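What you are looking at is a predicted structure, and each value in this text was computed from that prediction instead of being measured. No hydrogens, no waters, no symmetry mates; every other heavy atom, side chains included, goes into these values.
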Amino acid sequence: MFAELGCLVGGMVPGRLLRRNKKAYKAVSLATTASIYALLFILGAKLGADDALFGAIATLGAQGVVISLFCTMGSVFCALPAQRWFSRNAPERQEPKGNLLSGFMGSLYILGFFCLGVFLARMELLPGWMTAEGASMYILWVMLFCVGMGVGFDLGSLLIVREMGLRVALVPMLAIAGTGV
């Protein structure tokens with residue numbers, strides 16, 4: 001937990017120092033996306049390489065869907081009232097309009113990288129280090145460092161956290177509480 005938090009906070013400093021460098025901003029954005037895809041690929045590969053886990057996927061998958069649905073409903077039930085309260089007390093912001101198709105394609109890319117990892121591991125086409133313990137953790141650390149740099153690039157996000165104080169943590173805490181964890 002401390003290593004992950006250290007990577008996130010550690011990325012803020014170089015992000016802040018490089019905030020005016022457009023090339024660095026683009027590189028960090030690309031690295032963040034690549035690390036997300038790499039993490040999902042490695043997680044898929046770990047699933048595909050584990051015969052016992054892969055053999056139980058039908059049972060675990062059904063249980064996972066049920067657990068996910070109840071966790072999502074609990075999170076929404078707990079966090080939605082707090083989010084509405086914050087929205088009512090917050091200044092009006094105009095949200096950027098996104099393209100629904102691009103959001104859908106992003107989800108397909110995520111699913112595709114995970115499935116590709118499973119497939120290549122099942123076919124035994126991947127080197128052992130990709131499914132070894134720790135590989136996913138190193139990629140997670142890289143991703144968190146990149147996210148920290150992104151926060152360092154954008155002072156607006158830090159100002160929001162500073163303005164809201166501890167209240168900014170209320171919605172995520174209620175969402176976690178709603179999952180029953």
Side-chain angles (χ1 to χ4, degrees), residues 1-19 21-72 74-75 102-154 157-158 161 169 171-173 175-181:
M1 174 75 170
F2 291 113
E4 291 81 5
L5 189 57
C7 289
L8 184 67
V9 172
M12 290 179 186
V13 174
R16 178 80 172 114
L17 295 174
L18 296 170
R19 70 185 179 279
N21 187 326
K22 291 184 181 187
K23 288 183 181 181
Y25 182 80
K26 285 183 181 182
V28 168
S29 179
L30 182 63
T32 302
T33 302
S35 63
I36 291 169
Y37 291 152
L39 182 60
L40 288 162
F41 178 83
I42 294 293
L43 292 175
K46 288 179 88 166
L47 171 66
D50 188 336
D51 291 331
L53 186 59
F54 191 80
I57 198 79
T59 303
L60 293 174
Q63 291 174 353
V65 167
V66 170
I67 291 169
S68 296
L69 286 174
F70 279 105
C71 287
T72 301
S75 293
S102 67
F104 179 71
M105 291 305 292
S107 297
L108 286 181
Y109 289 144
I110 288 170
L111 182 62
F113 273 90
F114 182 80
C115 291
L116 182 64
V118 172
F119 176 75
L120 292 177
R122 294 303 298 163
M123 296 292 119
E124 298 180 359
L125 297 172
L126 297 175
W129 65 265
M130 283 192 172
T131 57
E133 283 300 313
S136 57
M137 188 59 66
Y138 294 127
I139 295 172
L140 176 66
W141 290 343
V142 168
M143 182 189 74
L144 288 172
F145 184 83
C146 291
V147 168
M149 283 190 74
V151 171
F153 284 138
D154 181 20
S157 59
L158 292 175
V161 171
V171 173
M173 287 190 308
I176 291 168
T179 64
V181 174

Closest approach of [X] to [Y] (non-hydrogen atoms, all atoms of both residues):
{"X": "Thr131", "Y": "Ala49", "value": "CG2-CB, 3.7 Å"}
{"X": "Leu43", "Y": "Ser136", "value": "CD2-CB, 4.0 Å"}
{"X": "Ser35", "Y": "Val142", "value": "CB-CG1, 4.3 Å"}

Exercise for the section: If a pair satisfies ring pair (Phe, Tyr, Trp, His ring centres under 6.0 Å) and one of its residues is in residues 107-129, list it, with sequence neighbours excluded. Expected result: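 Counting only pairs at least two positions apart or across chains, the ring pair (Phe, Tyr, Trp, His ring centres under 6.0 Å) contacts touching residues 107-129 are Tyr37-Phe113.
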Practice task
Just grab all the ring pair (Phe, Tyr, Trp, His ring centres under 6.0 Å) pairs involving residues 131-151, residues at least two apart or on different chains.
Solution key: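 Only Tyr138-Trp141 qualify under ring pair (Phe, Tyr, Trp, His ring centres under 6.0 Å).
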Problem - By side-chain hydrogen bond (donor to acceptor under 3.5 Å, both in side chains) - contacts of Arg122 (at least two apart) - result: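 So Arg122 forms a side-chain hydrogen bond (donor to acceptor under 3.5 Å, both in side chains) with Asp51.
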Practice task
Kindly say whether Arg16 contributes a backbone atom to a donor-acceptor pair with the side chain of Arg19 at under 3.5 angstrom?
Solution key: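 Between the backbone of Arg16 and the side chain of Arg19 there is a qualifying donor-acceptor contact (under 3.5 Å).
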Handout entry: Residue pairs fulfilling salt bridge (charged side-chain N to carboxylate O under 4.0 Å, His left out) with at least one residue in residues 25-47, sequence neighbours excluded
Key =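 The answer is Lys46-Glu133.
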Handout entry: Qualifying residues under side chain to side chain contact (heavy atoms under 4.5 Å, CB included), relative to Ala31, sequence neighbours excluded
Key =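 Once residues adjacent in sequence are excluded, the partners of Ala31 under the side chain to side chain contact (heavy atoms under 4.5 Å, CB included) criterion are Cys146.
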Handout entry: Results of side chain to side chain contact (heavy atoms under 4.5 Å, CB included) for Leu53 - residues two or more places apart only
Key =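 Partners of Leu53 under the side chain to side chain contact (heavy atoms under 4.5 Å, CB included) test: Leu47, Asp50, Leu60.
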Handout entry: Pairwise distance CD1(Ile110) to SG(Cys115) - rounded to 0.5 angstrom
Key =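 Between atom CD1 of Ile110 and atom SG of Cys115 there are 12.0 Å.
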Problem - Value rounded to 0.5 Å, distance of CE in Met149 from CG in Leu8 - result: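 Output value for this atom pair is 12.5 Å.
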Exercise for the section: Assess whether side chain to side chain contact (heavy atoms under 4.5 Å, CB included) is satisfied between Asn21 and Tyr25, documenting all intermediate values. Expected result: CA-CA 6 Å; Asn21 187 326; Tyr25 182 80; over 6 Å; no
Problem - Sole candidate of Ile36, Leu126, Ile139 that passes side chain to side chain contact (heavy atoms under 4.5 Å, CB included) when paired with Phe41 - result: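 Single pass found, and it is Leu126.
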